[in-house]
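Have a look at the structure below, then the notes.
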Amino acid sequence: MLRLHDTATRTVRPLELRDPGQVSMYVCGPTVYDLPHLGHGRYALVFDVIRRFLLFCGLDVRYVSNVTDVDDNIITRAAAQGRTEAEVAFEFEIRWWEAMDALGVLRPTVAPHATEYVADMVTLVAELFDRGIAYETADGVYLNVEQVDGYGLLALQPLESLRIGARVEATDEKRSPFDFAVWKKAKPGEPSWDSPWGPGRPGWHTECVVMALDLLGEGFDLHGGGRDLAFPHHENERAQAVALEKGFASHWTHNGWVEVEGEKMSKSLGNFNSLTDLLERSDPRAYRLLVLRSHYRSPIEVTAETVADAEKGLERLDALARRFALDDLLARAPGGFVVLGRDAAQQANGAAVERFVAVMEDDLDTPGALAGIFELVTRAHVSADEGRDEEAAALASTVAVLCAALGLALRAETGEVDPASAGLAQARDEARAGRDFARADELRDELVARGWTVEDGPTGTVIRR
RNA sequence: GGCGGCGUGGCCGAGUGGUUUAGGCAGGGGCCUGCAAAGCCCCGUACGUCGGUUCGAUUCCGACCGCCGCCUCCA
């Protein structure tokens, strides 16, 4: 079984399933008030890979990831742009899914919206209120964290030590500095819903509790997100569940940061920290490879260099795909899901698959998994060079299967060739046949000038983009 | 102030108490090729500093230096 780091216990331990054969996971989704950034892309990729690996291992996965479509940031953005909150949320949610699709991130099984759950959230807040754990202030309803057992579990430090450095606003009516809003009273012009405390909107930390419990049930298996969500967001989700005496996530997993050229990320690189922008200016698969190349809990550096480096790694995989005419298994699979599970893959090259599974099960060691895949690439070429075609084909197809398990698409196609370029390629073959190499080289230069990469294959000139 | 993480060869990035290497990219040499490209083979003898434990540490312990993050909305 997959062993993953669990933030609550600070250990790597097996993911224990509530229902055998069935994984229930909740990953905190975006607040849709702006374009997704690189950090969004990383968490989405990390948990996509966890999901795909579990699928590869033959498990059913119910993957719930929310969209926060009401929140302070959206309100601020809408006001600044003279639009409604709904318009802002709608626009950026579209941009979000565009980016996810480009990254090859599987759509969640369910992607609930906060605004669809307001009534349930009011019910939850009322219950917290009735239990005396939440209290009303001038601007909302707060949960008193001092009444929650084990508060500070995910912050990885006791409540007392949190207090020392806490910044407490002087005007705060809060009973404890870490008390958080479960309901925010609306100011004039803000979107609002009715509640026993007057018109308002739910606090951010409330939506995930309600939606996770509704869509996955108590005691679901895995809750994930970026490292920064551990505290206070996940801590506060958990606090509400504990206050209500409901079983919540069994396992908490958080991924590390994205760093962009040190501290001056956006300054020197323009919009480079926008995921949308990165996806436009590089092969979208490169970001997946870049993310997979380091451990999910380590910080990663995203620079023009590391992205270019990843693109070259991709080229090596694609070259194998071309040589062996490997199918892009993801393109053929319905919904981009892994089609070949572990059992089927076993037939390709059992030892390699077992090694892959072993390293992946060890806290998602994707760098190790990639190392194994690249070794298979070399072995496939060697086998083919030495004429062991069957073995070579098996090795190459193993590469395809394992790449698919990681969500990495392989490209064997060479791109659409226009008639003029095809003509040049043919002319070059004719020149070469007549041993007019000067002419052949001229034609190659011309093709290169048109943006093609030119290779001589067994059947003549092959051009590709 | 409290807490946590990191520091590996030109770059990215794993890993381990010693004997055999991660892997990728770049670079050098060779094979193949009309020349290239792709591919294959070979090469660099790395582990922040100072101590300690040990027969032996990059890997364990301690101190120190440096970098980063969290404690506040944040993936």
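All chains are named by letter (A, B, ...) in the order of the sequence lines, taking the proteins before the strands, and each is independently numbered beginning at 1. These figures come from a predicted structure and were not determined experimentally.
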Query raised in the report: Any donor-acceptor pair under 3.5 Å between the side chain of A:D456 and the base of B:rC32?
Result: no
Requested in this report: Look at all strands and tell whether A:H254 reaches a base, only sugar-phosphate, or nothing, counting heavy atoms closer than 4.0 Å.
Outcome: nothing
Report task. Could you give me the CA-CA distance, side-chain angles and deciding distance for A:T68 and A:N66, then say whether side chain to side chain donor-acceptor pair (under 3.5 Å) is met? Result -> CA-CA 6 Å; A:T68 301; A:N66 64 301; 3.2 Å; yes
Report task. Look at the side chain of A:R428 against the base of B:rG34 and say whether a donor-acceptor pair falls under 3.5 Å; ignore hydrogens and angles. Result -> yes
Query - C1' spacing across the pair B:rU45 / B:rC32, given as an integer number of angstrom - result: 29 Å
Report summary line: Across all chains, not counting sequence neighbours, the salt bridge (Lys or Arg N to Asp or Glu O under 4.0 Å) partners of A:R355 are A:E375
Query raised in the report: Under the 6.0 Å and 45° cation-pi test, does A:R432 pair with A:F437?
Result: no
Query raised in the report: So, is the end of the A:R77 side chain (NZ or CZ) under 6.0 Å from the ring centre of A:Y33 and within 45° of the ring's axis?
Result: no
Query - Options B:rA14, B:rC73, B:rG23, nucleotide nearest the side-chain atoms of A:F374 - result: B:rG23
Report task. Using the P atoms only, state how far B:rC60 lies from B:rU16, rounded to an integer number of Å. Result -> 9 Å
Query raised in the report: In whole Å, what is the span from the CZ atom of A:R323 to the P atom of B:rA38?
Result: 14 Å
Report task. Would you indicate what A:G29 reaches in the nucleic acid, counting non-hydrogen atoms under 4.0 angstrom: base, sugar-phosphate, or nothing? Result -> nothing
Query raised in the report: With a centroid cutoff of 5.5 Å and a plane-angle limit of 30°, would you call A:F437 stacked on B:rG34?
Result: yes
Query raised in the report: The side chain of A:T453 lies closest to which of these nucleotides: B:rG34, B:rA14, B:rA37?
Result: B:rA37
Query raised in the report: Nearest-Å distance, NE2 (A:H233) to P (B:rU72)?
Result: 16 Å
**Report entry** N/O donor-acceptor pair, side chain A:D228 with base B:rG69, under 3.5 angstrom
**Finding:** no
Requested in this report: Measure from the side-chain heavy atoms of A:N73 and tell me the nearest of B:rC68, B:rG13, B:rC73.
Outcome: B:rC73
Query raised in the report: Can a side chain N or O of A:R316 be found less than 4.0 Å away from OP1 or OP2 on B:rC40?
Result: yes
**Report entry** B:rU59 versus B:rG7 - spacing of their P atoms, nearest Å
**Finding:** 12 Å
Query - N/O donor-acceptor pair, side chain A:R10 with base B:rG4, under 3.5 angstrom - result: no
Query raised in the report: Roughly, in whole Å, what's the span from CD in A:E305 to C1' in B:rG24?
Result: 16 Å
Query raised in the report: Considering only B:rA75, B:rC25, B:rA38, which nucleotide approaches the side chain of A:K312 most closely?
Result: B:rC25
Report summary line: The nucleotide from B:rA75, B:rG13, B:rG39 with an atom nearest the side chain of A:S294 is B:rG13
Report summary line: Ranking A:G225 and A:D365 by the position along RNA chain B of their nearest nucleotide, the one closer to 5' is A:D365
Report summary line: In A:H5, A:R3, A:R297, the residue satisfying side-chain hydrogen bond (donor to acceptor under 3.5 Å, both in side chains) with A:D363 is A:R297
Report task. With heavy atoms under 4.0 Å as the rule, sort A:V454 into base, sugar-phosphate or nothing. Result -> base
Query - Rounded interatomic separation in angstrom, taking CD1 from A:I74 and P from B:rC73 - result: 17 Å
Requested in this report: List the steps, then state whether side chain to side chain donor-acceptor pair (under 3.5 Å) holds for A:T115 with A:D69.
Outcome: CA-CA 6 Å; A:T115 51; A:D69 58 351; 2.6 Å; yes
Query raised in the report: OP1 or OP2 of B:rA14 less than 4.0 angstrom from a side-chain nitrogen or oxygen of A:S298, does that happen here?
Result: yes
Query raised in the report: Roughly how far apart, to the nearest Å, are B:rG56 and B:rG18 at atom P?
Result: 15 Å
Requested in this report: Please report the C-alpha distance between A:S274 and A:H37 in whole Å, then the side-chain angles of each, then the deciding distance to 0.1 Å, and finally whether the side chain to side chain donor-acceptor pair (under 3.5 Å) criterion is met.
Outcome: CA-CA 4 Å; A:S274 148; A:H37 60 235; over 6 Å; no
**Report entry** C1' spacing across the pair B:rG10 / B:rC70, given as an integer number of angstrom
**Finding:** 33 Å
**Report entry** Inter-nucleotide P distance (B:rC6, B:rA14), Å rounded
**Finding:** 11 Å
Query raised in the report: Hey, which of these two, A:E375 or A:A438, hits RNA chain B nearer its 5' end, going by closest nucleotide?
Result: A:E375
**Report entry** RNA chain B: stems of at least 3 consecutive Watson-Crick or G-U pairs whose donor-acceptor distances fall under 3.5 Å
**Finding:** B:1-7 with B:65-71, B:10-12 with B:23-25, B:27-31 with B:39-43, B:48-52 with B:60-64
Query raised in the report: A:E311 CD to B:rC12 C1': how many Å, rounded?
Result: 15 Å
Query raised in the report: Which residues satisfy the side chain to side chain donor-acceptor pair (under 3.5 Å) test with A:E190, sequence neighbours excluded?
Result: A:R201
Query raised in the report: Ignoring hydrogens and angles, are the base of B:rA36 and the side chain of A:R444 linked by a donor-acceptor pair under 3.5 Å?
Result: yes
Requested in this report: Fit a plane to each ring of A:H223 and A:H234, take the angle between them on a 0 to 90° scale, and name the class: parallel (under 30°), tilted (30 to 60°) or perpendicular (over 60°).
Outcome: perpendicular
Query raised in the report: With sugar-phosphate meaning primed atoms plus P, OP1 and OP2, does A:D385 contact a base, only sugar-phosphate, or nothing at under 4.0 Å between heavy atoms?
Result: sugar-phosphate
Report summary line: A:H295 NE2 to B:rC6 C1', in whole Å, measures 14 Å
Report task. Classify the side-chain pair A:S421/A:D418 by whether it contains a donor and acceptor separated by less than 3.5 Å. Result -> yes
**Report entry** Nearest-Å distance once atom C1' is located in both B:rC43 and B:rA26
**Finding:** 14 Å
Query raised in the report: When the distance from CG of A:N255 to C1' of B:rG4 is rounded to whole Å, what number comes out?
Result: 16 Å
Query raised in the report: On a whole-Å scale, what distance lies between the P atoms belonging to B:rU20 and B:rG28?
Result: 30 Å
Report task. Compare the minimum distances between each of B:rG24, B:rA37, B:rC40 and the side chain of A:E455, then state the nucleotide with the smallest one. Result -> B:rA37
Query raised in the report: side chain to side chain donor-acceptor pair (under 3.5 Å) between A:E93 and A:H113: does it pass, once the steps are laid out?
Result: CA-CA 10 Å; A:E93 179 171 351; A:H113 293 71; 2.7 Å; yes
Query raised in the report: OP1, OP2 of B:rC40 versus side-chain N and O of A:T378: anything below 4.0 Å?
Result: yes
Report task. Starting from C1' on B:rC35, measure out to CZ on A:R439 and report it in whole angstrom. Result -> 17 Å
Requested in this report: Assign A:R42 to base, sugar-phosphate, or nothing according to its heavy-atom contacts below 4.0 angstrom with the strands shown.
Outcome: nothing
